[in-house]
Amino acid sequence: MNSATIKKERKLSKTKTNRLIFYSIFIAVPVIHFLVFYVYININSILMSFKEYELTGAHGYVAVFAGFKNFAAAWQGLVSRGFMVKNSLIFLASDCLIITPLAVLFSFYLYRRAPLSGFFKAILFMPQLLSGVILGLLYKYIASDVYLWLAEKLNITVSGGLLDTVQTQLGASLAFNIFMGFGVNVLLFVGAMSGVNAAVVESSEIDGASPMQQLWYIIIPLIFTTIATVVIVYISHLFTNQYNMYTLFGNGAGRTSTLGYFLYVQAMESALVAPRDNLLSYPVLSALGIVLTAIILPITMYLRHLMNKYGPSAD
């Protein structure tokens with residue numbers, strides 16, 4: 001083996017080593033993220049759900065085995081907050097039955113490059129470009145000050161802003177959630193529709209198919225996997241999605257609370273030993289998370305099976 005061949009092999013070996021180092025660094029961040037924020041957190045939550053903590057001093061704790069005590073407390077807390085489950089189901093229904101169908105329709109409108117489609121695209125994507133907190137503050141201003149000003153001008157007697165009275169809080173929250181959830185779905189569906197073979201749509205136009213027939217018989221079957229994925233994500237997040245409630249109400253959602261909002265507030269303000277009676281300790285919250293997962297996981301898997309089996313086929 002001559003010196004030129006040796007140098008070439010060393011160069012190739014060095015190139016392979018450099019590539020391996022680059023790939024290792026490149027994938028290190030997602031791997032560490034997965035290990036810390038998924039594997040570790042879930043294992044720690046499972047272990048914590050079987051523990052309870054007792055104070056040993058001003059700042060000291062000792063962990064003892066609690067058996068299924070935390071699960072009993074979690075189930076009791078879930079049963080006593082049935083209105084939160086109902087509110088979560090209402091928001092889920094709005095996601096699946098209002099946001100998703102409307103997003104498909106508007107996506108088809110944008111896909112066909114209809115008049116003012118560029119304007120509507122900018123409006124629908126605005127919630128994704130601006131901070132949700134900023135939009136929440138604007139919405140709160142409109143739903144309170146502007147609403148009260150209009151009521152005064154029209155000589156309509158109201159008891160408070162849309163977000164201030166029990167009768168209108170849920171409806172106003174649903175409206176904001178629909179606005180916030182619209183843009184990202186339109187982005188997904190427009191991308192899916194862009195992958196549809198244009199020749200198929202053009203041939204249907206030659207055969208006399210109307211735009212709605214094209215949508216129903218061609219577009220929806222071809223992008224149904226994307227639609228099904230969006231719906232399954234909505235269902236799987238039923239008990240963890242706070243539906244922008246904290247942005248609108250802070251800690252004061254009251255009877256409008258959802259389970260996701262309740263868990264968010266509890267996790268933010270609680271501790272290993274709950275400081276107040278209305279807060280659940282971290283071990284009870286961990287047990288509650290496992291209970292909710294045990295409820296929603298089989299439901300999600302079964303509905304996914306039904307949608308794949310009975311949904312429209314591209315064939």
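Hydrogens, waters and symmetry mates play no part in the numbers below; they use all other heavy atoms, side chains included.
- For the salt bridge (Lys or Arg N to Asp or Glu O under 4.0 Å) condition, the pairs that include at least one residue of residues 35-56, sequence neighbours left out, are Glu52-Lys69.
- Here the closest heavy-atom approach between residue Val231 and residue Cys96 is recorded as CG1-SG, 4.0 Å.
- Ring orientation note: the planes of Tyr38 and Phe34 are close to parallel, at an angle under 30° on the 30°/60° scale.
- Applying the 6.0 Å contact sphere to OH of Tyr40 captures no more than 12 heavy atoms from other residues, nucleotides or ligands.
- When every heavy atom of Ala175 is checked against every heavy atom of Tyr139, the shortest pair comes out as CB-OH, 3.6 Å.
- Val85 and Ile295 fall within a single hydrophobic cluster, where Ile, Leu, Val, Met, Phe, Trp and Tyr are joined by side-chain heavy atoms under 4.5 Å apart, directly or via other members.
- Taking NZ of Lys86 as the reference point, atom CZ of Arg81 lies at 16.0 Å (rounded to 0.5 Å).
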Could you go through the side-chain contact (heavy atoms from CB on, under 4.5 Å) check for Val104 and Met193 one step at a time?
-> CA-CA 10 Å; Val104 171; Met193 292 178 186; 4.2 Å; yes
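- Residue Tyr302 places its OH atom among 12 or fewer non-hydrogen atoms of other residues, nucleotides or ligands, all under 6.0 Å distant.
- Residues Asn244 and Phe179 form no side-chain contact, since every pair of their non-hydrogen atoms from C-beta on lies 4.5 Å or further apart.
- Considering every non-hydrogen atom in both Leu135 and Phe176, the closest pair reads O-CE1, 3.7 Å.
- Distance CZ/Phe91 to OG/Ser173: 5.0 Å, rounded to 0.5 Å.
- The neighbour count for Phe106 CZ, taken as heavy atoms of other residues, nucleotides or ligands under 6.0 Å away, does not exceed 12.
- Residues Tyr61 and Val64 do not share a hydrophobic cluster, clusters being chains of Ile/Leu/Val/Met/Phe/Trp/Tyr side chains in contact below 4.5 Å.
- Each of Thr229, Asn241, Asn185, Thr100 was compared with Tyr234 under the side-chain hydrogen bond (donor to acceptor under 3.5 Å, both in side chains) criterion, and only Asn185 meets it.
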Worked check of ring pair (Phe, Tyr, Trp, His ring centres under 6.0 Å) between Tyr243 and Tyr261 | CA-CA 7 Å; Tyr243 298 103; Tyr261 166 83; over 10 Å; no
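- The CD1 atom of Ile232 sits 7.5 Å away from the CG atom of Asn308 when rounded to the nearest 0.5 Å.
- A salt bridge links Glu205 with Arg112: the distance from a Lys NZ or Arg NE/NH1/NH2 to an Asp or Glu carboxylate oxygen falls below 4.0 Å.
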Step by step, would you call Ile99 with Asn177 a side-chain contact (heavy atoms from CB on, under 4.5 Å)?
-> CA-CA 9 Å; Ile99 294 179; Asn177 183 69; 4.1 Å; yes
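- Looking at every heavy atom in both residues, Lys140 comes nearest to Leu248 through CE-O, 3.4 Å.
- Of all the heavy atoms in Ala66 and Asn70, the pair that sits closest is CB-ND2, 4.0 Å.
- Ile41 is not connected to Leu285 by any chain of hydrophobic side-chain contacts under 4.5 Å among Ile, Leu, Val, Met, Phe, Trp and Tyr, and they are in different clusters.
- To the nearest 0.5 Å, atom CG of residue Asn87 and atom CG of residue Leu259 are 9.0 Å apart.
- Atom CG of Leu222 and atom OH of Tyr217 lie 14.5 Å apart (nearest 0.5 Å).
- Gly161 approaches Thr168 most closely through the heavy-atom pair O-OG1, 3.8 Å.
- Cluster annotation: Phe83 is connected to Ile90 through the hydrophobic network of ILVMFWY side chains, with a link wherever side-chain heavy atoms come within less than 4.5 Å.
- The backbone N or O of Ser286 lies less than 3.5 Å from no partner atom in the side chain of Ser49, so there is not a single donor-acceptor pair.
- Sorted by first and then second residue, the salt bridge (Lys or Arg N to Asp or Glu O under 4.0 Å) pairs with a member in residues 146-174 form an empty list; sequence neighbours excluded.
- The aromatic rings of Phe50 and Phe71 are tilted relative to each other, their planes meeting at an angle between 30° and 60°.
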Would you please test Leu78 and Leu292 for side-chain contact (heavy atoms from CB on, under 4.5 Å) and show each step?
-> CA-CA 9 Å; Leu78 182 62; Leu292 295 177; 4.0 Å; yes
Do Ile27 and Val29 pass the side-chain contact (heavy atoms from CB on, under 4.5 Å) test, and can you show the C-alpha distance, the side-chain angles, and the key distance before you say yes or no?
-> CA-CA 6 Å; Ile27 67 173; Val29 173; over 6 Å; no
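- Residues Leu162 and Leu137 fall into different hydrophobic clusters, defined by Ile, Leu, Val, Met, Phe, Trp and Tyr side chains chained together at heavy-atom separations under 4.5 Å.
- Residue Ile220 holds its CD1 atom at 6.5 Å from CD1 of Ile223, rounded to the nearest 0.5 Å.
- Sorted by first and then second residue, the salt bridge (Lys or Arg N to Asp or Glu O under 4.0 Å) pairs with a member in residues 221-247 form an empty list; sequence neighbours excluded.
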